[in-house]
There are 2 protein chains.
Amino acid sequence: MDAKTKLRMEARARVLKAMAHPSRLFIVEQLKQKERCVAELAQAVGADVSTVSKHLSLLKSVGIVDDRKQGTQVFYRLKAPCVLEFFGCVEKVLQTNLQEQIMLVK
Amino acid sequence: MDAKTKLRMEARARVLKAMAHPSRLFIVEQLKQKERCVAELAQAVGADVSTVSKHLSLLKSVGIVDDRKQGTQVFYRLKAPCVLEFFGCVEKVLQTNLQEQIMLVK
DNA sequence: TGCCTAATTGGCAATATAACCAAATAGCCA
DNA sequence: TGGCTATTTGGTTATATTGCCAATTAGGCA
């Protein structure tokens, strides 16, 4: 893997890594419909506000979400909705795995 | 996030996490065309065979790749080619980020 | 059987992530 | 200004990931 390719793969990995966490996946799904403020998301996820704030800033740093300040609140929204497309494939993989588990038992 | 949702998000995260590494992304791209044995991939990645073997077993454990033994060699192939679809979105995100960097300089 | 090659596994050290609490910051309004 | 709420940031601890080397396993063949 040459240096240029390595840089490209690292950049891609940063984006995917930002998605690859249960809470962050959940957050992305929550933002599918409409924007949400940090407190709302923290409540929905069931984690400390500070924890969720860090998840959000990570998602923002790689360009997956965007934010908008309104008074003391910060609303986050999906900036790259195409990440939602990942789920179809992921679900297909999980389904296939499940089918294979079932086959083994039968 | 209720228990059931949490489990689903964790399952999804496992699949995405398996993708979220520069070497593994490169491996997935290498397998796009045709199957490859471990030594070939190790050579292409530029890492120890043992390291690449572990990357491969991780990809396999989540159902992204599959393997086929032929003599003493093990050929890996893409089992869920739909993961290649991720790249289009990821590249779009990276492009957008880049455009924004450029705007800041101008 | 004994040797060779290919791959996997175990172990370890370095680094990265994650969660929480506490403290700091920022905007609003009395 | 002072206090209130929302959010971010710092710090710490626990856990997970990564990569290499060494050792093991497994198939092929003399």
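Because only heavy atoms are used, hydrogens play no part in the values below, and waters and symmetry mates are left out as well, while side chains stay in. Chain letters run A, B, ... following the sequence lines, proteins first and then strands; every chain starts at 1.
- Distance CZ (R36(B)) to P (dA7(C)): 14 Å, rounded to an integer number of Å.
- The main-chain N or O of A18(B) is found under 3.5 Å from a side-chain atom of R24(B) such that the two form a donor-acceptor pair.
- Rounded to a whole Å, the NZ atom of K6(B) is 12 Å from the C1' atom of dA19(C).
- V38(B) comes within 4.0 angstrom of the backbone, heavy atoms only, and of no base.
- Under a cut-off of 6.0 angstrom, the local environment of NZ in K79(B) is crowded, with over 12 non-hydrogen atoms contributed by other residues, nucleotides or ligands.
- Distance check, rounded to the nearest 0.5 Å: CG of L58(B) to OG of S23(B) gives 12.0 Å.
- Which of dA7(C), dG10(C), dA19(C) sits closest to the side chain of T51(A) comes down to dA19(C).
- Taking for each of V49(B) and K54(B) the nucleotide of DNA chain C with the nearest heavy atom, the 5'-most of the two is the partner of V49(B).
- If you measure from atom NE2 of H21(B) to atom C1' of dT17(C), you get 14 Å, rounded to the nearest angstrom.
- In this structure, F75(B) reaches neither bases nor backbone, as no heavy-atom distance under 4.0 Å exists between it and the strands shown.
- Here dA19(C) presents its P atom at 14 Å from CZ of F26(A), a figure rounded to the nearest Å.
- The CG-P distance, from L59(B) to dT8(C), rounds to 12 Å in whole Å.
- With a heavy-atom cut-off of 4.0 Å to chain B, the contacted part of DNA chain D has its first and last nucleotide at dT17(D) to dG28(D).
- In this structure, the CG atom of D67(B) is 11 Å from the P atom of dA7(C), given to the nearest Å.
- Atom CD1 in I27(A) sits 12.0 Å away from atom CD in E40(A) (nearest 0.5 Å).
- Atom CD of Q73(B) and atom C1' of dT5(C) are 9 Å apart (whole Å).
- In this structure, D48(B) atom CG and dG11(C) atom C1' are separated by 14 Å, rounded to whole Å.
- The residue among K17(A) and L56(A) whose nearest nucleotide of DNA chain D is located toward the 5' end is L56(A).
- No donor-acceptor pair closer than 3.5 Å links the side chain of T51(A) to the backbone N or O of A47(A).
- Among the atoms of the strands shown, none is found under 4.0 Å from any heavy atom of S57(B).
- More than 12 heavy atoms of other residues, nucleotides or ligands shown are found within 6.0 angstrom of CD on E91(A).
- Candidate nucleotides dT9(C), dA18(C), dC21(C) were compared by shortest atom distance to the side chain of L58(A), and dA18(C) ranks first.
- The side chain of S53(B) approaches dT9(C) more closely than any other nucleotide in the set dT9(C), dC28(C), dA19(C).
- Nucleic acid contact for K69(A): none, since no nucleic acid atom lies under 4.0 Å from a heavy atom of the residue.
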Hey, mind stepping through E10(A) and R12(A) against side-chain contact (heavy atoms from CB on, under 4.5 Å) and telling me if it holds? CA-CA 5 Å; E10(A) 285 168 354; R12(A) 288 183 180 181; over 6 Å; no

